Amino acid sequence: MARRDALLRLHKTLLARRTALRKALAGELADLRNFKSDSGDSADVAFDAGSEEIASQLAQLEARELSQIERAIARMKQGTYGLCEHCQTKIPVARLNALPYSTTCVDCQREMEDFPGLADRRGVDWEKVSDTESKMEERDVNLSDIEMDLSANR
Ligand SMILES: [Zn+2]
């Protein structure tokens with residue numbers, strides 16, 4: 001498959017995933033609001049507190065994934081999707097299929113893991129970064145921002 005076709009297919013995948021995540025998040029945020037409004041009944045308080053914790057963590061994870069998807073879609077619009085942010089080489093389609101939110105090629109990824117000092121030039125806050133790839137792309141997500149975004153899109 002030509003690279004362009006592969007990227008178009010990834011674009012569709014990301015858009016579908018974004019729609020699904022937005023729906024899931026809207027549901028969880030609604031659940032969280034319900035927990036807060038009717039947790040007055042003493043018998044259910046312990047159960048609700050646990051469920052709220054889980055719903056909150058799930059929402060955090062989904063919000064994080066959503067922000068990575070938004071970033072990938074923005075890069076597609078700019079025409080920079082699939083290019084390594086560090087050395088500008090094309091990231092292989094196989095890597096993008098496995099990790100649609102990749103922003104660096106495998107070489108740069110390894111280099112940054114081996115020599116974290118290199119990242120200083122990119123202005124990244126590496127204090128918060130741990131050694132796994134998934135965590136490297138994490139950003140702090142403010143749920144209330146997402147919520148506003150969701151209601152604006154209704
Ligand atoms: Zn690179």
Side-chain angles (χ1 to χ4, degrees), residues 1-33 35-36 50-154:
M1 187 186 285
R3 181 178 176 83
R4 190 183 143 74
D5 292 338
L7 293 191
L8 283 173
R9 205 178 45 150
L10 276 165
H11 185 230
K12 274 189 194 159
T13 305
L14 286 171
L15 288 178
R17 182 73 184 139
R18 179 173 71 172
T19 305
L21 273 176
R22 279 184 171 165
K23 272 189 199 148
L25 256 178
E28 269 131 34
L29 292 171
D31 284 350
L32 283 173
R33 267 194 298 273
F35 284 133
K36 271 164 195 151
S51 305
E52 182 178 345
E53 177 77 19
I54 291 164
S56 170
Q57 283 175 5
L58 191 62
Q60 293 274 4
L61 282 175
E62 287 171 352
R64 192 173 291 141
E65 187 181 352
L66 191 59
S67 76
Q68 289 176 334
I69 289 174
E70 298 284 9
R71 197 166 145 208
I73 291 171
R75 284 171 62 82
M76 280 169 171
K77 279 186 193 148
Q78 291 165 4
T80 55
Y81 179 78
L83 295 180
C84 174
E85 280 184 341
H86 197 63
C87 68
Q88 309 301 316
T89 52
K90 287 179 181 170
I91 301 171
V93 167
R95 176 168 165 81
L96 292 173
N97 282 331
L99 286 167
Y101 331 125
S102 303
T103 55
T104 57
C105 66
V106 179
D107 287 346
C108 290
Q109 178 84 42
R110 284 212 194 102
E111 210 174 322
M112 283 187 285
E113 279 166 10
D114 292 346
F115 307 100
L118 285 175
D120 291 348
R121 284 185 243 142
R122 302 174 61 218
V124 177
D125 183 3
W126 287 87
E127 301 256 348
K128 294 178 188 159
V129 174
S130 75
D131 53 355
T132 64
E133 176 152 358
S134 61
K135 287 193 175 165
M136 280 186 68
E137 293 181 358
E138 280 183 10
R139 281 191 292 158
D140 285 339
V141 174
N142 187 334
L143 276 180
S144 58
D145 288 350
I146 302 273
E147 195 169 4
M148 278 170 56
D149 190 42
L150 287 166
S151 34
N153 277 301
R154 257 177 218 165

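The shown structure was predicted, so the numbers you read here are calculated from the model rather than taken from an experiment. Computed from heavy atoms alone, side chains included, the values below leave out hydrogens, waters and symmetry copies. For ligands, and for the atoms within them, numbers begin at 1 and follow the listed sequence.
For the side-chain hydrogen bond (donor to acceptor under 3.5 Å, both in side chains) with Tyr101, the qualifying choice from Arg71, Arg75, Glu65 is Glu65, the only one to do so.
Protein-derived N/O/S atoms nearer than 2.8 Å to the Zn ion (ligand 1) total 4, waters excluded.
Every residue was checked against the side chain to side chain contact (heavy atoms under 4.5 Å, CB included) condition with Thr13, not counting sequence neighbours, and none meets it.
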The test is side chain to side chain contact (heavy atoms under 4.5 Å, CB included); show your working for Glu70 and Leu21 and say whether it passes.
CA-CA 11 Å; Glu70 298 284 9; Leu21 273 176; over 6 Å; no
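Using a 4.5 Å cut-off on side-chain heavy atoms (C-beta onward), Thr104 and Ile91 make no contact.
One finds the CG atom of Leu15 at 11.0 Å from the CG atom of Leu10 (value rounded to the nearest 0.5 Å).
Proximity of a side-chain donor or acceptor of Tyr81 to a complementary backbone N or O of Pro100 within less than 3.5 Å is detected.
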